[in-house]
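All heavy atoms count here, side chains included; hydrogens, waters and symmetry mates do not. It should be emphasised that the depicted structure is a prediction, and the values quoted were computed from it without experimental measurement. As the structure lists them, so they are numbered: ligands from 1, and atoms in each ligand from 1.
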Amino acid sequence: MAPDVIPIAAAKLRHQLAARLADGGWLRSPAWRAAVEAVPRHEFVRCFYRQTDAPGLTTWTPVTADLLGVEEWLRQAYADDTLITQFDGQEIDWTDPEPVVGAHPTSSSTLPALVVHMLEELRLHDGMSVMEIGTGTGYSAALMCHRLSPGRVTSIETDPDVAARARDALKRCGYAPRLVVGDGLAGFPEGAPYDRTIATCGVRHVPYAWVRQTRPGGLVLTTLRGWMRSLGLVRLTVGHDGRAEGRFIDGDPSFMIARQQDAPASLGTIPAPDNGSSRTTPYGPGVLTTARHGFVAQLAMPGVRFFSMPDDDGTPCTYVLDGTNESFAVLTSKSDDAWNVRQGGPVALWDVLESSLDTWCTAGSPEPTEFGVTVTAKSQRVWLGAPDGPSWRLPAPAETADGFV
Ligand SMILES: C[S@@+](CC[C@H](N)C(=O)[O-])C[C@H]1O[C@@H](n2cnc3c(N)ncnc32)[C@H](O)[C@@H]1O
C-alpha cells in the first residue's frame, strides 16, 4: 500500500470500527462517534503486540507495518482489541521486535469497546475538564481532546518512556492535552478542580487525591480490582462533604493494576503441613474463580492470592495466602461437595470468606451492579444494596500528613 493511501484506508477502517462499536451498544452518542471516526488510532499503535492462541505459556507476537505489511498492520490497529505496547515495565527494541513469552503487559491501547463504554459513562459535556490517569498510548486522551475544548484534558502517565511515545503521537495528530509524567494516584493538583476523573489503570482503593481534586458534583470513574481479580467499573459522585459515593456500573471490565499497587513478587510463605487447624467446608476453590462468587471472595480477602499444586503425597491442594499478614487457608477435596480447609495466621481467611458468601447468598446472590462504594478521607467501603447495608473495607490506603492518598 502506497504511503499516501494510508490515511484513506485508515479513515475507512475507523468508520467501520465506529459502526461496530455502535452496533455493539458501546458507542451511543454522536459526539463520541465523531471522535472515534476522527482520531487515527494507527498513529498511537505504530508497533504493538497481540496474544497468540498457541498452547502453553502465553505468547505475544509483534505487529508492525514492516513485519506484516501496511494493510494487515492497519487492519489490526483498528480491530476491537487491546494492543499491548509494553511488558514488565521494559521498553521494547522496535527495530527488531521478538515474540514475547510469559511476560506481564504493563501498557497498552485499551480495547476500543471498553474505552468508548467508559467515555460514554463519564457523562462529559462541552466545556468540562477531565483528568485521566494512565495515558498509555495517548489514544483515549486524543478522543477526549477531540470531544472537549482545547486545554481541558490532563493526562498522567507513570512511565516516562510510555509518556514520551504518547506525547509524540499526540503531537503528530495535532492534539495538545496537558501531559504529566508521574504517579497518577496523587492526581495533579495544579490543574484541579476537574469536572471528571477517569482512570484507565485499575486500583485497589480510590486514591483520595482524586476525590479532593474533582469538584463537588463531579464524577470519578475507575475500575476497582484486587490481586485476584477485577471488581469492575464504578462511578462515584463527589459530594460537598468530601465524600464520594456511587455504584458499580459494570462487573466485567478489568485493567492492568496501577503500578504502585501491584502485588508483591512473593506470594507469601507456604505453610508447613502441620500448621493451622482443619475443618470441613462446603466451599471449594471454585468460589475463587467463578465470576460471581469471585467478586465476593475478592472483597472478603483483599490481600490474598492463590495457586494449586499437589502436596508431598500428591493430593491436589489450593493454597490461599495473604502475604500482607501471613494468614493462610489450604483446601483439599474430601468428596464431590465437601472440602477440607486448614487455616492459620492472624485472620481465619476461609471463615471470613464463608461469612461474606452467606451474606451475599442471603441477599439473593446479587450481581456486582447491586454493590456500591463510599469513599471518605478516612475510609473506603464497598456496600451491598445501600450505603448502610452489609459492607467490606477496601485495603487501607497509605496515610499522608493531609489524609489518605
Ligand atoms: C491500559 S493502559 C492505558 C490505556 C490508554 N488510556 C490508551 O487508551 O491507550 C494503563 C496505563 O496506566 C499506566 N499507569 C499505571 N500506573 C499508573 C499510575 N500510578 N499513574 C499513572 N499511570 C499509571 C501504565 O503505565 C499504562 O500505560
Nearest protein heavy atom to atom 23 (C) of ligand 1, by residue and atom, and its distance? Thr158 CG2, 3.5 Å
Geometry only, no angles: is Asp183 polar-contacting ligand 1 at N/O separations under 3.5 Å? yes
Any side-chain donor-acceptor pair under 3.5 Å between Gln51 and Thr59? no
Among protein heavy atoms, which sits nearest to atom 25 (O) of ligand 1, and what does the distance come to when rounded to 0.1 Å? Glu157 OE2, 2.6 Å
Mark up the atoms of ligand 1 that fall under 4.0 Å of a heavy atom belonging to Leu185, in ascending order. 19 (N)
Check Val115 against ligand 1 and report side chain, backbone, both or neither, counting heavy atoms closer than 4.0 Å. neither
Can you label the angle between the Trp94 ring and the Tyr49 ring as parallel, tilted or perpendicular, going by 30° and 60°? tilted
Checking heavy-atom distances from atom 8 (O) of ligand 1 to each of Gly184, Gly182, Ser140, the winner is Ser140
Could you tell me the separation between the CZ atom of Arg225 and the OG atom of Ser230, rounded to the nearest 0.5 Å? 6.0 Å
Where Leu185 and Pro207 come nearest, the two heavy atoms and their spacing: O-CB, 3.1 Å
With heavy atoms only and a cut-off of under 4.0 Å, state how Gln260 meets ligand 1: side chain, backbone, both or neither. side chain
Tell me whether ligand 1 is touched by Gln261 - counting only heavy atoms on the residue side and a distance under 4.0 Å. no
Numbered atoms of ligand 1 (with element) below 4.0 Å of Thr110, judged on heavy atoms: 1 (C), 4 (C)
Relative to ligand 1, is Ser108 under 4.0 angstrom through side chain, backbone, both or neither, heavy atoms considered? both
Flag yes if more than 12 heavy atoms outside Glu71 fall under 6.0 Å of its CD atom; otherwise flag no. no
Sidechain-backbone polar pair: Thr85 side chain, Ser107 backbone, donor-acceptor under 3.5 Å: yes
For ligand 1, is there an atom lying under 4.0 Å from some heavy atom of Thr135? yes
Per-atom contacts of ligand 1 with Glu132, taking only distances under 4.0 Å to non-hydrogen atoms: 6 (N)
Close approach of Ile156 to ligand 1, heavy atoms, under 4.0 angstrom: yes
Looking at ligand 1, does any of its N/O atoms fall within less than 3.5 Å of an N/O of Gly134? yes
Using 30° and 60° as the class limits, which term best fits the ring planes of Trp360 and His293: parallel, tilted or perpendicular? perpendicular
How many angstroms lie between CD in Glu245 and OG1 in Thr374, if you round to the nearest 0.5 Å? 3.5 Å
Within 45° of the six-membered ring axis of Trp227 and under 6.0 Å from that ring's centre, is NZ or CZ of Arg204 located there? yes
Residue and atom name of the nearest protein heavy atom (relative to atom 16 (N) of ligand 1), distance in Å to one decimal: Arg259 N, 3.1 Å
Quick check on contacts: which atoms of ligand 1 are under 4.0 angstrom from a heavy atom of Gly136? 3 (C), 5 (C), 27 (O)
Measure the spacing between CG of Leu119 and CG of Leu114 and express it to the nearest 0.5 Å. 9.5 Å
If the cut-off is 4.0 Å to any non-hydrogen atom of Ser109, which atoms of ligand 1 fall inside it? 9 (O)
Hey, could you give me the OH/CZ distance between Tyr194 and Phe188, rounded to the nearest 0.5 Å? 6.0 Å
Indicate the atoms forming the closest heavy-atom contact of Leu124 with Arg196, along with that distance. CD2-CG, 3.6 Å
Shortest protein heavy-atom distance from atom 10 (C) of ligand 1, along with the residue and atom involved: Thr200 O, 3.4 Å
Considering only protein heavy atoms, which is closest to atom 9 (O) of ligand 1, and at what distance to one decimal place? Thr137 OG1, 2.6 Å
